[in-house]
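Input: a single structure, listed below in structure tokens.
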Amino acid sequence: MEYDFKKIEADWQNRWKENNTYKVSNDSSKPKFYVLDMFPYPSGAGLHVGHPLGYIASDIYSRYKRLKGFNVLHPMGYDSFGLPAEQYALETGQHPAVTTEKNIATFRSQLDKIGFSYDWSREVSTSDPAYYKWTQWIFLQIFDSWYNRITGKAERISVLLEIFDNDGTVNHPCPGDKTLNFSAAEWNEFDEQKKQEILMDYRLTFSSYGEVNWCEALGTVLANDEVVNGLSERGGYPVEKKKMRQWYLRITEYADRLLSGLETVEFSEAMKEMQRNWIGKSQGAEMDFAITDSDQVLRVYTTRPDTIFGVDFMVVAPEHELVELITTSEEKNAVETYLTYVKSRSERERLSEVKQITGCFTGAYAINPFDGRQIPIWIAEYVLAGYGTGAIMGVPCGDQRDFLFAKYFNIPITNIIGEYFNGEEANPTKDAQLENSGFLNGLLMKDAITVANDKIESMGIGKRQVNYKMRDAGFSRQRYWGEPFPILWTDGIAVPLDAAELPLELPHAEKYGPGPNGEGPLANMSDWTNTPAGRRETSTMPGYAGSSWYFLRYMDPHNSQNFCDRSASDYWGQVDIYIGGTEHAVGHLLYSRMWTKVLYDLGFIGHDEPFKKLVNQGMITGKSYFFNVAESGNSAAVISSYEKETSNGSLLRFRYGHKCVDSTGKLLRKTLEENVAAGGVEAPAASINWLAKDGEEYIYLKEESEKMSKSKYNVDNPDELCEKYGADTFRMYEMFLGPVEASKPWDTKGIEGVHRFLRKLWRLFFDEMKGKVWNDEAPTQAELKVLHRTIKKIEEDTERFSFNTAVSTFMICVNELADLKCHKKQILEPLLFLLSPYAPHISAELCKLIGVAVSPVGEDATKSIYPVYDPALLVESSKDYPVSINGKVRTNLNIALDATQQDVEQLILENEVIKKWLDGKAPKKIIYVKNKMVNVVI
RNA sequence: GCCCAUGUGGCGGAAUUGGUAGACGCAGCAGACUCAAAAUCUGCCAUUCGCAAGGGUGUGAAGGUUCGAUUCCUUUCGUGGGCACCA
């Protein structure tokens, strides 16, 4: 009887499906556990071997937790709105709904082959109207909310109306318009339109004008990714900034809670740091400077008010409104030239070129309020209008960028930190004693910050100010394939649809091109857009809308009355383990945290952080091959080796595989020589000759690891591996590659070893010649020891997500049992239970064949059936200690575990090897660490 | 430029709290079984000196702390990832 994995795996997968084995109930006496994968975007390319890495890890953990007696929620679904489907539709005319459905079917069949224990009855898909009905509904709840900074939470707009009626804005300054100020009486005088405009400046989802990348030639708005060097990636047309009406998520109101919430969750430090940097909270001060010959004031934001006497110049952003007002007539031409230059630069360029210093003097001067010094005001592209006040004070001795700026434009540098400043580079220290600093002289800089702030505030020229880097999140896209906004525009007022009108379904489209005036494709459908009650919003929600709350829908997926019943969310609570890649660090993970907090504030759920613990899976990279070709004059010649790549700048680089694939995308042959010989590869350019060596044609390929992608010809497909080796082998091999968190190159070479292991396991039960070899004999001490050591290690490794070492532990165990010729059911049965989360099919089959009462992969276990290790079996009375001389191991010595220092010293001094090294001398010291080692110091 | 991660044999990796570096697997080499192949089994497998016994060196590099460092500290180099020059 041999290990027929194909039959076994098909049998068990069918059985699980027919019996609904992994269907989970919201009603259970067992403790709950929620294990979640980041759901995939169902791309047309299907699943590659990188996808299942996280899914296998979460499946192992889910199965493990079930054996431990938990009621485990382990769902899967699809993030099925998105740009690729729309672009595909533009190219082929196929409706995104059709291709999406097809892609989902492909994903599902691929996932099924790997033997996951998902509860498919809870599957969600964000483009399903039954799902996005609730995305729209939650949008409306957020729209109907504002952030009360006094209570520190989201509240209904009706509460704000009451506040305005009684007090006006006095206690609740407007987050959207800082200049807004009115009394209760004034509020009541405003007309409806004015009131709605004001409310929009408070709402947590709001509409406002913002800059987008507009491409006139394509008639559409482009994402940053789609703009290269100021030109559209598609077609190379010019792209300009254009102000358009957009929807936003007022996530900045949650900045502090998003920061403090990080303290309550188990994310990796790296992940928390990324989020903190993104939020970018800084404590500083805003300060006003008078401007010579002007009644304008220059307001700057600084985190270092202690350096106020070191200010040698001011810089304002090119977009700053003061630029026009303060530029002197002498400088007008230069400034205009500079502004034209800046306009030609994309934001990407402005932000990425660090080396090049540009700027322009306005001719105006600000006055230092403390010493009356005149400070020149400059414009420079490195200052952005959107952050702080859009103006900074330049302190060259303390800030390197300011230092370089001053050097470049020959601005004299004031030194306020004495010998801490060497004139060669800035020193950003806070520990220097201040000089040349008026009332701050002699103070340490870090103490001077408070003193300076107090002074600024008492003089009434500024105040302490907390700033955040984070901006409000753009929430609308001029696209078709997304959730329509449940909003009607009437007389410039955004009127929300009634909940009863949801879902507002996406109308069927025949064409997907952009609408007029930069609007999305929906603007072309006048039947849908124009309603008696007003005009529909024609932009759609961004990709992250649906993914911001899907973890809640899984808890109660078929509820048609509510997005998720409170009893369901109270039962399941937080996601206990969330597994996915780091690419979502600052996008999805921040948005979903914010949505959760809003829903919590409004009383819809009982927890305000969605994910208790986050595990980041590493990327599996594929191997790509490149070759270089040198151009020499008019006729190109092939270089002899890729090593020349760095020594010659005029090399052309080619991706091997570009012409080496057949119509299905499969590599035709493994080596370029084979391809050339078979005519399967074309020379990259007609004039290229392959360099001959010893009369043979040859070329060197350079191997590089890259993210897997169909277009890179480096994709391996899980189906083929499951077909060839079986799902159990595939699962264990992906885990065996290395730590889940690490990114690693994909290589199928090692898969044979894992497959051999499973066959070896099988032979402990059945022999090809002898048939059944397992028996009911009583186990020996040695066999029990092997088993219990394995139980202990597997449990520890599984708990800490160290699945690669767990696989190796299984291998060691099977090797040892084979050496002991142990075929005893009493040993093997618990081993199968341990193995079942990792290799569920073979474990299930063997359990059935040896007659196990409760299957480890079954649904009928009512309590924990995970093997429990017996520490008594692992107790040893002595240990082989490594004995080192001056830290170098020289010999081993078996010593009783209860030996005392004296016992050990005596044993050591009697030992021949040690005697030789001591050479008659007495040791200085003998270090004996119980259960670890012995070190003799000479 | 800034932030984060990471560096161990031919390869993937192990060493969980400072205590025998290289577990486990791949690849390779030698052998057994076989008419042969596959499968399986046995042995070797960081490097260097040595017939051997036994030494020397070795976790990117250089220092340091320690009886003892892959692990802690300082400096430095390489690689990968992120970024919104954020004042």
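Note: hydrogens, waters and symmetry copies are ignored here, and every other heavy atom, side chains too, is used.
- Taking the P atoms as reference points, B/G80 lies 38 Å from B/U66, given to the whole Å.
- Checking A/Asn931 against A/Tyr881 by side-chain atom types alone, no donor-acceptor pair falls below 3.5 Å.
- Between A/Tyr338 and A/Ile379, some side-chain heavy-atom pair lies under the 4.5 Å cut-off.
- Of the P atoms belonging to B/A84 and B/U76, the separation is 27 Å, rounded to the nearest Å.
- The residues A/Glu2 and A/Arg759 are annotated as not salt-bridged, no charged nitrogen and carboxylate oxygen being separated by less than 4.0 angstrom.
- Side-chain nitrogen and oxygen atoms of A/Ser282 include at least one within less than 4.0 Å of the OP1 or OP2 phosphate oxygen of B/A87.
- Comparing the C1' positions of B/U70 and B/U17 gives an interatomic distance of 15 Å, to the nearest angstrom.
- On the C1' atoms, B/G7 is 13 Å away from B/G13, given to the nearest whole Å.
- B/C83: Watson-Crick or G-U partner is B/G1, with both key distances under 3.5 Å.
- The aromatic rings of A/Phe409 and A/Trp378 lie tilted to each other, with the angle between the two planes from 30° to 60°.
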**Request:** Give the B/S/- string for nucleotides 43-50 of chain B, one per nucleotide from 5' to 3', where a protein heavy atom under 4.0 Å of the base yields B, of only the sugar-phosphate yields S, and otherwise -.
**Result:** --------
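- Here B/A87 presents its C1' atom at 17 Å from OH of A/Tyr468, a figure rounded to the nearest Å.
- Using a 4.5 Å heavy-atom cutoff, the side chains of A/Ile375 and A/Asp312 are not in contact.
- Both distances falling under 3.5 Å, in either a Watson-Crick or a G-U wobble arrangement, place B/C29 opposite B/G43.
- Between the P atom of B/A39 and the CZ atom of A/Phe757 lies a distance of 19 Å, rounded to the nearest Å.
- In this structure, the nucleotide among B/A27, B/C3, B/C86 sitting nearest to the side chain of A/Lys469 is B/C86.
- Using a 4.0 Å heavy-atom distance criterion, A/Met470 is classed as a base contact.
- Put simply, CD on A/Glu752 is 14 Å from P on B/G25, counting in whole angstrom units.
- B/C51 is unpaired under the Watson-Crick or G-U wobble criterion, no partner having all donor-acceptor distances under 3.5 Å.
- At B/G68, none of the side-chain N or O atoms of A/Lys925 fall inside 4.0 Å of OP1 or OP2 (strictly under the cut-off).
- Ionic pairing of A/Asp767 and A/Arg763 is not present here: no N-O contact between side-chain nitrogen and carboxylate oxygen is shorter than 4.0 angstrom.
- Here, B/U74 and B/G25 have their P atoms 39 Å apart, quoted to the whole Å.
- B/A37: no Watson-Crick or G-U partner with both key distances under 3.5 Å is found in any strand.
- Nucleotide B/U6 forms a pair with B/G78, judged by Watson-Crick or G-U wobble geometry with both contacts under 3.5 Å.
- Glycosidic conformation of B/G9: syn, with the torsion inside 90° of 0.
- Atom CD of A/Glu381 and atom P of B/A84 are 16 Å apart (whole Å).
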Every protein N/O lying under 3.5 Å from an N/O of nucleotides 52-62 of chain B:
residue: B/G55; atom: OP1; partner: A/Trp917; partner atom: NE1; Å: 3.4
residue: B/G56; atom: OP1; partner: A/Arg890; partner atom: NH2; Å: 3.1
residue: B/G56; atom: OP2; partner: A/Arg890; partner atom: NH1; Å: 3.1

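- B/A15 and B/U6 are spaced 14 Å apart, taking the P atom of each and rounding to whole Å.
- Remark: side-chain polar atoms of A/Arg593 are paired, donor with acceptor, to backbone N or O of A/Leu258 under 3.5 angstrom.
- Per the geometry, NE2 belonging to A/His755 stands 13 Å off P belonging to B/C26, to the nearest Å.
- In this structure a side-chain-to-backbone donor-acceptor pair under 3.5 Å is missing from A/Asn804 to A/Leu737.
- Residues A/Tyr928 and A/Glu905 bring no donor and acceptor atom of their side chains to less than 3.5 Å of each other.
- For the 3.5 Å distance criterion, the side chains of A/Thr798 and A/Tyr838 qualify, holding a donor opposite an acceptor.
- In this structure, a donor-acceptor pair under 3.5 Å is absent between the side chains of A/Asp880 and A/Asn892.
- Between the side chains of A/Ser808 and A/Thr805, no donor-acceptor pair of N or O atoms lies under 3.5 Å.
- Of the C1' atoms belonging to B/C44 and B/G22, the separation is 16 Å, rounded to the nearest Å.
- A gap of 16 Å separates the P atoms of B/U65 and B/C73, to the nearest Å.
- Rounded to an integer number of Å, the gap from CG of A/Asn886 to P of B/A69 is 11 Å.
- Comparing A/Glu273 and A/Lys760 against RNA chain B, the residue whose closest nucleotide sits nearer the 5' end is A/Glu273.
- The phosphate of B/A39 has neither OP1 nor OP2 within less than 4.0 Å of any side-chain N or O from A/Arg763.
- A salt bridge does not link A/Arg800 to A/Glu796: none of the charged nitrogens lies less than 4.0 Å from a carboxylate oxygen.
- A donor atom on one side chain and an acceptor atom on the other are not found under 3.5 Å apart for A/Tyr869 and A/Thr790.
- In the model, A/Asn453 has no side-chain atom that pairs as donor or acceptor with a side-chain atom of A/Lys463 under 3.5 Å.
- A residue-by-residue look at A/Thr302 and A/Asn815 shows that A/Asn815 has its nearest nucleotide of RNA chain B further toward the 5' end.
- In the set B/G82, B/A84, B/A23, the nucleotide with an atom closest to the side chain of A/Ile812 is B/A23.
- Among the nucleotides B/A39, B/C67, B/C24, the one closest to the side chain of A/Met811 is B/C24.
- Of all nucleotides listed (B/A39, B/U20, B/C24), B/C24 comes nearest to the side chain of A/Ser808.
- Contact between the side-chain N/O atoms of A/Arg471 and the OP1/OP2 oxygens of B/A84 is not found at any separation under 4.0 Å.
- Distance, A/Asp472 CG to B/A84 P: 17 Å, rounded to whole Å.
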**Message:** Counting primed atoms plus P, OP1 and OP2 as sugar-phosphate and everything else as base, spell out the protein contacts along nucleotides 14-19 of chain B at 4.0 Å heavy-atom distance: B, S or - for each nucleotide, 5' to 3'.
**Reply:** SSB--B
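- As a whole-Å value, the separation of A/Asn277 CG from B/G1 P is 18 Å.
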